[in-house]
Novice: 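The structure under discussion is supplied below as structure tokens; questions concerning it will follow.
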Amino acid sequence: MNYLTSSFYHQDAVIVAKELLGALLIHKIGDTVVAGYIVETEAYCSDDAACHAYKGRKTLRNATLFGPVAHAYVYVSYGIHFCINIVSRHPSIIAGGVLIRALQPVYGIEFMQKMRNTTQLKNLTSGPGKLTQALGITLQHNGTDLLNNSGLFLAQGIEIAESDIIASPRIGISQAKEHLWRFYVKGNPFVSK
DNA sequence: CACCCGATTATCT
DNA sequence: GATAATCGGGTGT
């Protein structure tokens, strides 16, 4: 198992978002390993009006985005879902992260089916709120160091060819829609929508 | 398949 | 009071 190392996260979030495609997001809960290949991401930068860090470090919620890279930024979406970002930014930038939007289930599929209350593979991890529920990721993981053997981490997975990466506008935002900072694996059935 | 809407809370106006 | 990096269930075509 090859873990992604610190230097990987010290790059522009847009680069990290692209390069995270194909990586394994892993959550170990006791003896259970729950994991999937990342097949859809979105980049958010501090000079980007759609980013939670855009207005500065004002509230407790977005503090993690300003903290060390390779930590998990988890927030509550629409009051009821959790979404996970990987804190990553170029050293010249004050804050930034990559939203994980979809996974292809690999390990712990039975666990995911219990958590999601469905056996339908396509519905387990095909969206940012779905995949956190499937992997058992909650607000308590906000600020978790992904390099520190915490049970939540990233590892090298499968290689995605450049020609199989599609860039498109980010989903669900009302500002800075012009940036093509959503990336997904062409033709992968687990991409959201 | 398309739209519409309710759930539920941190944050902003 | 409104909006938001969402989801699932409802209704209609």
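Lettering follows sequence order; numbering is per chain, from 1.
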Novice: Would you state whether a donor and an acceptor, one from the side chain of A/Tyr75 and one from the base of C/dA5, lie under 3.5 Å apart?
Specialist: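 Answer is yes: a donor-acceptor pair is held.
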Novice: What is the base-pairing partner of B/dA10, counting Watson-Crick and G-U wobble geometry with both distances under 3.5 Å?
Specialist: C/dT3
Novice: Would you please indicate yes or no on a ring centroid separation below 6.0 angstrom for A/His52 and A/Tyr75?
Specialist: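 Between A/Tyr75 and A/His52, the centre distance is under 6.0 Å.
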Novice: Using OP1 and OP2 only, check whether a side-chain N or O of A/Ser77 sits under 4.0 Å from C/dA5.
Specialist: no
Novice: Let's see if you can work this out: which of B/dC12, C/dT6, C/dA5 has an atom nearest to the side-chain heavy atoms of A/His81?
Specialist: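 Looking only at heavy atoms from C-beta outward on A/His81, the closest nucleotide is C/dT6.
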Novice: Calculate the interatomic distance between A/Lys55 atom NZ and C/dA5 atom P; express it in whole Å.
Specialist: 10 Å
Novice: Please work out if A/Arg116 contacts a base, only the sugar-phosphate, or nothing of the nucleic acid, heavy-atom cut-off 4.0 Å.
Specialist: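 Counting heavy atoms under 4.0 Å across all strands, the contact made by A/Arg116 is with sugar-phosphate only.
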Novice: Return no unless some side-chain N or O of A/Ser192 is found under 4.0 Å from OP1 or OP2 of C/dT6.
Specialist: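 A/Ser192 to C/dT6 OP1/OP2: no side-chain N or O under 4.0 Å.
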Novice: Output yes when at least one side-chain N/O atom of A/Arg182 is less than 4.0 Å from OP1 or OP2 of C/dA5, else no.
Specialist: no
Novice: With nearest nucleotides of DNA chain C determined for A/Asn123 and A/Ile171 from heavy-atom distances, which residue corresponds to the more 5′ nucleotide?
Specialist: A/Ile171
Novice: Considering only heavy atoms from C-beta outward, does the side chain of A/Met112 approach that of A/Pro105 to under 4.5 Å?
Specialist: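 A/Met112 reaches A/Pro105 side chain to side chain.
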Novice: Once side chain to side chain contact (heavy atoms under 4.5 Å, CB included) is applied, do any residues pair with A/Asn148, and if so which ones, sequence neighbours excluded?
Specialist: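 Residues passing side chain to side chain contact (heavy atoms under 4.5 Å, CB included) with A/Asn148: A/Asp145.
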Novice: Provide, to the nearest angstrom, the distance between the CZ atom belonging to A/Arg101 and the C1' atom belonging to C/dT6.
Specialist: 9 Å
Novice: How many whole angstroms separate atom CG of A/Asn62 from atom C1' of B/dT11?
Specialist: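 Taking atom C1' of B/dT11 as the reference, CG of A/Asn62 is at 10 Å.
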Novice: What I want to find out is whether A/Arg170 reaches A/Glu42 closely enough, with some N-O distance under 4.0 Å, to be called a salt bridge.
Specialist: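 No, no charged N to carboxylate O under 4.0 Å.
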Novice: Can A/Tyr78 be said to stack with the base of B/dA7, given centres closer than 5.5 angstrom and planes under 30 degrees apart?
Specialist: no
Novice: Mind checking the C1' distance from B/dA10 to C/dG8? Whole angstroms is fine.
Specialist: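 Approximately 22 Å lies between the C1' atom of B/dA10 and that of C/dG8.
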Novice: Specify the separation, in whole Å, of atom NE2 of A/His52 and atom C1' of C/dT3.
Specialist: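 For the pair A/His52 NE2 and C/dT3 C1', the rounded distance is 11 Å.
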Novice: Using a cut-off of 4.0 Å on non-hydrogen atoms, how would the nucleic acid contact of A/Leu99 be classed: base, sugar-phosphate, or nothing?
Specialist: base
Novice: Tell me: NZ of A/Lys130 to C1' of C/dA5, nearest whole Å?
Specialist: 15 Å
Novice: If you look at every strand shown and take non-hydrogen atoms under 4.0 Å, does A/Ile173 touch a base, only sugar-phosphate, or nothing?
Specialist: sugar-phosphate
Novice: What's the CD1-P distance between A/Ile86 and C/dA5, to the nearest Å?
Specialist: 18 Å
Novice: Name the nucleic acid region contacted by A/Gly129, choosing base, sugar-phosphate or nothing; use a 4.0 angstrom heavy-atom cut-off, strictly under.
Specialist: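 Sugar-phosphate, no base atom in range.
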Novice: For the pair made of OH in A/Tyr54 and P in B/dC12, what is the distance, rounded to whole Å?
Specialist: 14 Å
Novice: Between C1' on C/dC7 and NZ on A/Lys122, what's the gap in Å once rounded to a whole number?
Specialist: 16 Å
Novice: Within a strict 4.5 Å, meaning less than it, do heavy atoms of the A/Cys45 and A/Cys51 side chains meet?
Specialist: no
Novice: Quick one about A/Lys122 and A/Ser126 (side-chain donor to acceptor, distance below 3.5 Å, no hydrogens or angles considered), yes or no?
Specialist: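 Result is no, nothing qualifies.
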Novice: Which of the following nucleotides, B/dT11, C/dA5, B/dA7, is nearest to the side chain of A/Cys51?
Specialist: C/dA5
Novice: Indicate, with a heavy-atom threshold strictly under 4.0 Å, whether A/Arg61 touches base, sugar-phosphate, or nothing.
Specialist: sugar-phosphate
